[in-house]
Amino acid sequence: MLTLAVLCLTGSASCVYAQTRKVMNRPYIDQRKLHYGFLAGLHMQDLEFCNNGMIDEQGNEWYADVASYEPGFSVGVLAEMRLNNHFAFRVIPSMHFGTRNVTFMNHTNGEREHQILKSTFISIPLDVKFSAERFNNYRPYLVAGVNPMYDLTVKRGKELLLKPFDCYLEIGMGCDFYLPFFKCIPEIKFAYGLANVINKNRSDLTNPDQLVYTDAISRGHSKMIILSLYFE
């Protein structure tokens with residue numbers, strides 16, 4: 001994925017010189033030391049489970065999967081500091097509202113249980129942005145960084161309990177479009193959680209039979225695809 005993104009960025013930068021130059025909108029905006037803006041976008045949340053194949057006392061083998069996806073909503077603000085002509089450092093305090101639909105399947109008899117995990121994430125991505133040379137009124141870029149997140153809506157007493165804190169590695173690409181009065185910046189990022197978010201301490205359960213769902217999973221990692229539209 002990273003190699004493909006680099007090739008796309010390089011190809012875009014090399015092909016633009018065959019095009020006709022036009023009048024540049026806001027030609028000096030990228031020379032500012034600090035840039036500010038806001039974002040709105042959509043995202044998809046996922047969980048990557050490692051099922052251990054445990055068999056309970058009744059001879060049942062359970063495993064978990066995210067069977068369906070629903071788009072979530074993201075909002076945030078942007079602060080970007082120019083480092084040089086090609087690199088910038090970005091801080092993007094954001095909130096992500098979404099759900100994950102988890103299905104627990106009994107491999108022995110085909111029984112299924114469903115749980116909807118609603119989440120409200122507060123995140124503060126810290127990214128480094130590498131931009132190609134600007135041509136006319138657009139400028140493609142790559143971005144990579146870390147994104148600590150905290151979930152405000154973790155609910156106890158359900159089949160599965162997730163830890164509220166995680167830290168994601170993220171990589172993405174986008175393009176600055178220079179309009180007469182502002183910049184419009186579409187961007188897509190892929191984020192992978194580093195921590196095992198499955199909480200094995202289930203003292204919150206009043207029904208011990210529900211513990212089988214937690215015991216059937218060795219670990220789980222969060223993943224997100226974030227499609228954002230920035231305005232500067």
Side-chain angles (χ1 to χ4, degrees), residues 1-2 5 36-51 63-80 90-105 112-127 129 141-175 177 183-199 213-214 217 219-232:
M1 180 62 71
L2 178 58
Y36 301 99
F38 65 94
L39 70 95
L42 301 174
H43 70 273
M44 302 289 286
Q45 299 182 25
D46 192 11
L47 276 169
E48 183 180 277
F49 292 111
C50 179
N51 296 286
Y63 63 96
D65 193 15
V66 176
S68 61
Y69 302 93
E70 296 182 12
F73 182 64
S74 304
V75 292
V77 294
L78 165 70
E80 180 176 308
R90 305 199 305 177
V91 181
I92 316 168
S94 308
M95 295 191 71
H96 305 281
F97 307 90
T99 60
R100 285 167 285 192
N101 299 310
V102 179
T103 299
F104 302 93
M105 291 158 281
R112 291 173 179 254
E113 292 288 339
H114 301 278
Q115 182 181 357
I116 297 177
L117 295 168
K118 295 186 177 181
S119 57
T120 301
F121 286 112
I122 293 180
S123 71
I124 307 179
L126 306 173
D127 294 336
K129 176 183 177 183
Y141 67 85
L142 296 174
V143 64
V146 295
N147 185 356
M149 289 195 189
Y150 190 86
D151 190 356
L152 300 175
T153 55
V154 172
K155 290 188 177 181
R156 298 178 176 273
K158 302 295 183 179
E159 290 87 350
L160 198 63
L161 178 64
L162 302 184
K163 299 174 184 177
F165 179 77
D166 198 359
C167 186
Y168 292 71
L169 286 180
E170 56 183 23
I171 185 170
M173 65 182 70
C175 188
F177 288 96
K183 282 201 303 183
C184 180
I185 311 168
E187 177 187 275
I188 185 169
K189 287 199 293 190
F190 304 89
Y192 185 81
L194 299 178
N196 174 18
V197 294
I198 305 301
N199 193 333
Y213 305 112
T214 298
I217 303 171
R219 60 184 181 273
H221 293 272
S222 298
K223 298 188 291 185
M224 291 180 69
I225 299 176
I226 308 167
L227 180 62
S228 304
L229 190 62
Y230 295 84
F231 298 92
E232 285 188 28

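Annotation: Lys163, atom NZ; neighbour count of heavy atoms from other residues, nucleotides and ligands within 6.0 Å is above 12. Within 6.0 Å of the CG atom in Leu126, the count of heavy atoms belonging to other residues, nucleotides or ligands exceeds 12. Summarising the local packing, CG of Leu152 is surrounded by more than 12 heavy atoms from other residues, nucleotides or ligands at distances under 6.0 Å.
Side chains of Val75 and Ser94 form no contact here, defined as non-hydrogen atoms less than 4.5 Å apart. With contacts defined as side-chain heavy-atom distances shorter than 4.5 Å, the pair Asn51/Asp65 does not qualify. At least one side-chain heavy atom of Val66 sits less than 4.5 Å from a side-chain heavy atom of Phe49. Between Ile226 and Met44 there is no side-chain heavy-atom pair separated by less than 4.5 Å. Between Leu117 and Leu162, some side-chain heavy-atom pair lies under the 4.5 Å cut-off. Contact annotation: the side chain of Tyr213 never approaches that of Val102 to less than 4.5 Å [non-hydrogen atoms, C-beta and beyond]. At a threshold of 4.5 Å between non-hydrogen side-chain atoms, the residues Lys129 and Glu80 count as touching. Under the 4.5 Å side-chain criterion, counting only non-hydrogen atoms from C-beta, Glu232 is in contact with Ile185.
A distance-only check finds no donor-acceptor pair linking the side chain of Asp166 to the backbone of Met149 [under 3.5 Å]. A donor-acceptor pair under 3.5 Å links the side-chain atoms of Thr153 to the main chain of Thr120, judged by distance alone. Between the side chain of Asn196 and the backbone N or O of Ile198, at least one donor-acceptor pair lies under 3.5 Å.
Taking OG of Ser74 as the reference point, atom CG of Leu229 lies at 12.0 Å (rounded to 0.5 Å). With values rounded to the nearest 0.5 angstrom, Glu159 atom CD is found 4.5 Å from Gln115 atom CD. Ile122 CD1 to His96 NE2: the interatomic distance, rounded to the nearest 0.5 Å, is 10.5 Å. The CZ atom of Arg100 sits 4.5 Å away from atom OG of Ser222, with the distance rounded to the nearest 0.5 Å. The CD atom of Glu170 lies 13.0 Å from the CD1 atom of Ile225; values are rounded to the nearest 0.5 Å.
Taking the centre and axis of the six-membered ring of Tyr230, the NZ or CZ atom of Arg90 falls inside the cone set by 45° and 6.0 Å.
In this structure, Phe97 and Phe73 have parallel ring planes: the angle between them is below the 30° cut-off, well short of the 60° mark. Between His221 and Tyr192, the two ring planes are parallel [angle under 30°; tilted spans 30° to 60°].
The two residues Gly98 and Gln45 come nearest to each other via the heavy atoms CA-NE2, 3.5 Å. The shortest non-hydrogen separation linking Lys118 to Asp151 is O-OD2, 4.3 Å. The two residues Ser123 and Asn147 come nearest to each other via the heavy atoms CB-OD1, 3.1 Å. Contact between Tyr168 and Gly193 at its shortest, heavy atoms only, is CD2-N, 3.4 Å. Smallest separation of non-hydrogen atoms from Val146 and Leu169: CG1-CD2, 3.7 Å.
For Lys223, the salt bridge (Lys or Arg N to Asp or Glu O under 4.0 Å) criterion is met by Asp46, Glu48, not counting sequence neighbours.
Taking the ring centroids of Tyr150 and Phe165, they lie at or beyond the 6.0 Å cut-off.
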How far apart are the C-alpha atoms of Asn101 and Thr103, what are their side-chain angles, what is the distance that settles it, and do they pass the side-chain hydrogen bond (donor to acceptor under 3.5 Å, both in side chains) test?
-> CA-CA 7 Å; Asn101 299 310; Thr103 299; over 6 Å; no
Show your reasoning for whether salt bridge (charged side-chain N to carboxylate O under 4.0 Å, His left out) applies to Asp127 and Lys189.
-> CA-CA 11 Å; Asp127 294 336; Lys189 287 199 293 190; 3.0 Å; yes
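Under 3.5 Å, the side chains of Tyr141 and Glu187 contain a donor-acceptor pair of N or O atoms.
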